[in-house]
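Not measured: the values here are computed from a predicted model. Lettering of chains follows the sequences in order, A, B, ..., and the numbering in each one begins at 1.
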Number of protein chains: 2
Amino acid sequence: MHGLAGISLRDLGQQVGLRAQSLYSYFPSKQAIYDAMFRQGYEQFIAEAATDTPSDNSDVRAEALAGVLAFFDFCTADQARYQLLFQRVVPDFEPSPTSMAVAVDAYARTVGRLAVVAAADQADLDLWTAVVTGLVDQQWSNDPGGTRWRDLVPRAVDMLLDEQRRRRS
Amino acid sequence: MHGLAGISLRDLGQQVGLRAQSLYSYFPSKQAIYDAMFRQGYEQFIAEAATDTPSDNSDVRAEALAGVLAFFDFCTADQARYQLLFQRVVPDFEPSPTSMAVAVDAYARTVGRLAVVAAADQADLDLWTAVVTGLVDQQWSNDPGGTRWRDLVPRAVDMLLDEQRRRRS
DNA sequence: GTCTATATTCTGATAGAC
DNA sequence: GTCTATCAGAATATAGAC
């Protein structure tokens, strides 16, 4: 299977050079492993966003484009991570409150950044997330490793910015 | 598990009032069941698209909106079908040539309809598919059964049409 | 701290009674 | 045509040797 949902503890142990049973010295259950990966993924996301160029509002378009491209590349760098963090394909996995807090924090930071350059209300934001994750999903589904949908990111950002500018006037 | 990937033959048999073993009177393997569902799904898709109002080009915007809404509702009506037809979450499933031909036919029809009202080249089409499937995915992931992203479809269609009109001038 | 051995449960699939 | 009985393998997880 391609994707995170079909990875067994045997597979996972093999990738780290251990037998499946040895993983229980580090985690009490498979769900706990998912939870640690979930939390670590959002911590990576926050850490990576922090290295982006700070906002000085000089060029809204360039800033939005850079932010979306960074997010796109983060999502397409690791399919298992993307599925765990942003899709819902892992069987019966529910993040712990601690890990969920990290995810909420990451989401709030992203919303805050996007509010500066573009999105005003929840509907605006929902449209942005749909377009950007739609591009990511198509890239994974139909051209993994390529740039067919990544190349459309500038067009999509312009489209979204134009739509919102037109909407305010 | 939510979704198609985790459904066993026992689950599937129970939903149709049979034991898992009895399914083998109708299908030689689980993959064959997936294949039949895949083909039937695309046949439903083609049949439903055929009932839509024919294109007379009188109102491009209304026509595009109706088409996208119909597609959106088709995708959000049945999660298992959506995952099987448009996502890639089923373990090791590869459609048979016969079923794949139905899918290719359905795709060609959709492209043909969209070409009339909007998309001109492959990149245009890719942008449409990314936006529409992005809306569907967000609806399933974050508001299943609701209309939070469905309500954004008119905005998205206008946005795409405007972007393409502006691009041609 | 990692291993072997094992328990338990679930999976897809087959054989054969009726 | 659907059932019961059963198989072989893989899944998560535990116990205990070293």
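- The aromatic ring centroids of B:Y82 and B:F74 lie 6.0 Å or more from each other.
- The separation between A:D92 atom CG and D:dA13 atom P is 12 Å, rounded to whole Å.
- Between the A:Y42 side chain and the A:L85 main chain, a donor and an acceptor come within less than 3.5 Å of each other.
- Within 4.0 Å of A:S8, counting heavy atoms only, lie sugar-phosphate atoms of the nucleic acid but no base atom.
- Applying the side-chain hydrogen bond (donor to acceptor under 3.5 Å, both in side chains) test to residues at least two apart or on different chains, the pairs with a partner in residues 139-155 of chain A are A:D73-A:R150, A:Q138-A:N142, A:Q139-A:D143, A:T147-A:D151, A:R148-B:D126, A:R155-B:D124, A:R155-B:E163.
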Please determine whether side chain to side chain donor-acceptor pair (under 3.5 Å) holds for the pair A:S25 and A:S22, giving the CA-CA distance in whole Å, both sets of side-chain angles, and the decisive distance to 0.1 Å. CA-CA 6 Å; A:S25 298; A:S22 303; 6.0 Å; no

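- A donor-acceptor distance shorter than 3.5 angstrom exists from the side chain of A:S169 to the backbone of A:R166, with no hydrogens or angles considered.
- Residue order along DNA chain D, read from the 5' end via each residue's closest nucleotide, puts B:L18 first among B:Q21 and B:L18.
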Report the secondary structure of DNA chain C in dot-bracket form, marking unpaired bases with a dot and bases paired to a different strand with |, and treating Watson-Crick or G-U pairs with both distances under 3.5 Å as paired. ||||||||||||||||||

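- The distance from atom CZ of B:R10 to atom P of D:dT6 is 14 Å, rounded to the nearest whole Å.
- Here D:dT4 presents its P atom at 17 Å from OH of B:Y24, a figure rounded to the nearest Å.
- The outermost nucleotides of DNA chain C lying under 4.0 Å from heavy atoms of chain A, listed 5' to 3', are C:dG1 to C:dA5.
- Taking only side-chain nitrogens and oxygens, B:R19 comes nearer than 4.0 Å to OP1 or OP2 of D:dT4.
- Between A:F86 and A:F71, a ring centre-to-centre spacing shorter than 6.0 Å is recorded.
- A straight line from CD of A:Q31 to P of D:dA13 spans 8 Å, rounded to a whole angstrom.
- Relative to the ring axis of A:F45, A:R81 does not place its NZ or CZ within 45° and under 6.0 Å from the centre.
- Checking side-chain atoms of A:T51 against main-chain N and O of A:E48 turns up a donor-acceptor pair under 3.5 Å.
- If you check every strand for non-hydrogen atoms under 4.0 Å, B:S22 touches a base.
- Under 4.0 Å is where a charged nitrogen must lie from a carboxylate oxygen, and between A:R109 and A:D105 at least one such pair does.
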